[in-house]
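Below is one structure; the comments refer to it alone.
Residue numbers count from 1 along this sequence.
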Amino acid sequence: MRRPAKTNPSTMTSEPKTGSRLYLLSIVMVAVIGGLLFGYDTAVVSGAEQALDQFFRTARDFDYTPWLHGFTASSALLGCIIGGAISGFCASRLGRKRSLIVAAVLFFVSAVGSWWPESGILPYGEASRALLISFNFYRIIGGVGVGLASALCPMYIAEISPARIRGTLVSCNQFAIIFGMLVVYFVNYLIRNNLGDTAEAIQTAMVAVGWRRMFLSEAFPAGAFLLLILLVPETPRYLALKGDDRRAFAVLERINGTSEAHSILADIKSTVHERRERLFAYGGMVIAVGVLLSFFQQAIGINVVLYYAPRIFANMGATGDASMLQTVVMGVVNIIFTVVAIFTVDKVGRKPLLMIGSTGMMIGMLALAVLSFTDAIGLAALVFIILYTASFMMSWGPICWVLISEIFPNTIRSQAVAIAVAAQWVSNFLVSATFPSLSGWSVGGTYCIYAFMSLLSALFVWKMVPETKGKTLEQMSALWRK
C-alpha cells in the first residue's frame, strides 16, 4: 500500500496569515452542541418518567413492574456504555468529524423514535410489551449517541485548540452539558404547563401525549447539530495521522496563523511518524490514569447526590415545588462553578483544581453523613449539598473531561479515550445501581464511603496525574516516555 506523498509545509501558503480567534470559537461552539445534546438526552427522561410509568401500567399483555420502570428510565445508560466503547473505533476509522455526524443522526433518530415508538407498525397509544421494547430500543440508540458525544466532543475540541487555551475551550463542553440539562428542564416545564388548565387535565394529557412531546423536543437541537457539524473541518491531528498534511496545515493556519501552523504541524508529524503504535506502547500507567480519572469522577457520588437532592429538600419543608427548587438552586450552582473552572483551568492548572475540589467534596460528604446520623436534615443539608456540588463543578466535572481529552499521545488517543469513557459509564452504572442497597444499610455510612472516595481521588491526583497546563498534545508522547 503506497504512503501518501509528503508535502513540504513551506509550499502550502503563498504569504503569511494570522490566526482567526473567531473561526476557532465558531468551530468550538458547533462542537459543544454535542455536549448540550449529551446533557439534554440524559435529563429529558426526568420530566417524562412518571407519565411513562402510568402509560405502561395500562398494558394488558404484561405486568409493568418497578424494576422494568427503573430499566426503562435508565436504559439509555446501556447505550452510553456501548457508545463510549466504540468511540475509539469510530474516531480512528471514520474520523472525529464523521463520528460526530453519526452521533447527531443517532440523537435525531432517538428523539423521533421515542416520540413515536409505534413506528407505524404497532397500534398508536396502546401500551404493550412490544411497544416497551421499541421505546427502550430508541432510548438505547440515543444513549449510544451520548456515549459517542461524551468521548468525541472533548477530543475534537482538544485537537482543534491551541495549547494555551485548550483547557478553557474543552471546559466549555461541560458548561454545555449542564446548560443542556437546564434547557430540557425548562422545555419539559413549558410542555407540561401547556397541556391543560387543571392539574387533572394536565396529568391525563401527560400520559397521552406529554411524554412523547418531551422526547420529540430533542429532535430540534439534534437536527441543528447535524446541519452545523457538516460545516466544520476535520481536526488537524486526525488529518496528519492519515497523511493529509495539506488539509491539516490549512486548518492549523486558519486557527493559529502561518508561522505557528508550521511549528505545530512539524510537532504533529514528529509524533505521528514515529510508528503506528499499539495501545500499550507507552506502558499501562497512562491507560490506568485515564480509567481512574473516569472511575473517581463517578465514585465520589455526584450523580447520586443530584438525584436524591429533591428528597432532602422535601424534608426541609418544601411541598410540591421541591423539584423546581432543586432544579433552580442546583442549576445556578452548576453554571456558576463550571464558569469558575472555565476561567481558571488554564491559569491555575488541572491538578490544583482537582485537589481543591476533592477536599471540598470530602468536607461536604462528611457533613452530610453527620447530619444523616443525627437526623438533622434542614438548612445545613442544603449548605453542604451546595458545597459538595460546587466543589465538583469547579473541578472533577469539567476537568476530568479536559484531562481525558488531552493526556493520551496522538497515536493512541482515540483508543485510550474510548476505554476511559467506557469506564466512566460503567462506573456511573455501578454507583447508581449500588446506592439503593447501600442507603438501605445506612445513608450516613454511604455518604462516608463517598467522602473516603473523595479523599482517595485527591491522593490519586497528587501522586499519579501529570500537570498538562500549557503543554501541546504532541508533548504528551515525551511525557509518558519518561
Side-chain angles (χ1 to χ4, degrees), residues 37-84 106-147 150 180-181 184-185 187-188 191-192 195 202-219 222 303-304 306-308 310-311 323 425-426 428-437 439:
L37 284 164
F38 172 171
Y40 201 108
D41 192 271
T42 52
V44 67
V45 73
S46 65
E49 61 94 9
Q50 290 184 2
L52 275 171
D53 188 24
Q54 294 180 42
F55 174 76
F56 280 111
R57 284 185 184 279
T58 64
R60 298 178 181 178
D61 61 340
F62 77 106
D63 183 22
Y64 189 66
T65 63
W67 184 89
L68 276 176
H69 180 62
F71 176 81
T72 300
S74 59
S75 58
L77 190 57
L78 178 60
C80 293
I81 296 171
I82 296 170
L106 292 174
F107 280 128
F108 187 83
V109 170
S110 174
V112 175
S114 300
W115 163 65
W116 189 36
E118 294 87 353
S119 304
I121 301 171
L122 300 172
Y124 180 82
E126 185 177 312
S128 65
R129 186 188 301 274
L131 188 65
L132 179 64
I133 293 171
S134 176
F135 176 81
N136 280 312
F137 171 74
Y138 285 114
R139 288 297 295 148
I140 290 171
I141 285 178
V144 175
V146 170
S150 66
M181 292 179 176
V184 77
Y185 290 145
V187 170
N188 284 349
I191 290 173
R192 179 182 177 84
L195 290 174
I202 289 174
Q203 191 56 39
T204 301
M206 273 296 298
V207 176
V209 297
W211 62 269
R212 295 175 184 268
R213 293 178 183 176
M214 289 177 178
F215 288 109
L216 180 63
S217 66
E218 188 181 352
N303 287 321
V304 166
L306 293 179
Y307 184 78
Y308 284 93
R311 181 180 302 181
S323 63
W425 288 113
V426 171
N428 184 326
F429 174 77
L430 292 175
V431 172
S432 301
T434 56
F435 180 77
S437 56
S439 61

Proximity of Phe55 and Phe135 rings by center, below 6.0 Å = no
Give me the atom names and distance for the closest heavy-atom approach of [X] to [Y].
| X | Y | value |
| --- | --- | --- |
| Ala48 | Trp211 | CB-CB, 3.8 Å |
| Leu195 | Ile202 | CD1-O, 4.2 Å |
| Val112 | Ala219 | CG2-CB, 4.3 Å |
| Arg139 | Asp41 | NH2-O, 3.3 Å |
| Arg212 | Pro117 | NH1-CD, 3.6 Å |
| Ser150 | Trp425 | OG-NE1, 3.2 Å |

Polar side-chain atom of [X] near backbone of [Y] as donor-acceptor pair, under 3.5 Å:
| X | Y | value |
| --- | --- | --- |
| Ser110 | Leu106 | no |
| Asn136 | Leu132 | yes |
| Ser134 | Leu131 | no |
| Asp61 | Arg129 | yes |

Roughly how far apart are [X] [atom1] and [Y] [atom2], rounded to 0.5 Å?
| X | Y | atom1 | atom2 | answer |
| --- | --- | --- | --- | --- |
| Ser114 | Phe215 | OG | CZ | 5.5 Å |
| Gln54 | Met206 | CD | CE | 9.0 Å |
| Leu122 | Trp116 | CG | CH2 | 10.5 Å |
| Ile81 | Leu78 | CD1 | CG | 6.0 Å |
| Thr58 | Tyr64 | OG1 | OH | 11.0 Å |

Derivation and outcome, side-chain contact (heavy atoms from CB on, under 4.5 Å), residues Phe107 and Glu218 = CA-CA 8 Å; Phe107 280 128; Glu218 188 181 352; 3.3 Å; yes
Mind checking what makes side-chain contact (heavy atoms from CB on, under 4.5 Å) contact with Gln50, not counting sequence neighbours?
-> none
Would Met214 and Arg192 count as a side-chain contact (heavy atoms from CB on, under 4.5 Å) if you check the C-alpha gap in whole Å, the side-chain angles of each, and the deciding distance to 0.1 Å?
-> CA-CA 9 Å; Met214 289 177 178; Arg192 179 182 177 84; 4.3 Å; yes
Under the side-chain contact (heavy atoms from CB on, under 4.5 Å) criterion, do Trp115 and Tyr138 qualify, and how do the steps go?
-> CA-CA 9 Å; Trp115 163 65; Tyr138 285 114; over 6 Å; no
For Ser217, all residues meeting side-chain hydrogen bond (donor to acceptor under 3.5 Å, both in side chains), sequence neighbours excluded = Tyr40
Apply side-chain hydrogen bond (donor to acceptor under 3.5 Å, both in side chains) to Asn188 and list each qualifying residue two or more places apart in sequence or on a separate chain.
-> none
Side-chain contact test, heavy atoms from C-beta onward, threshold under 4.5 Å: evaluate it for His69 versus Glu49 and give yes or no.
-> yes
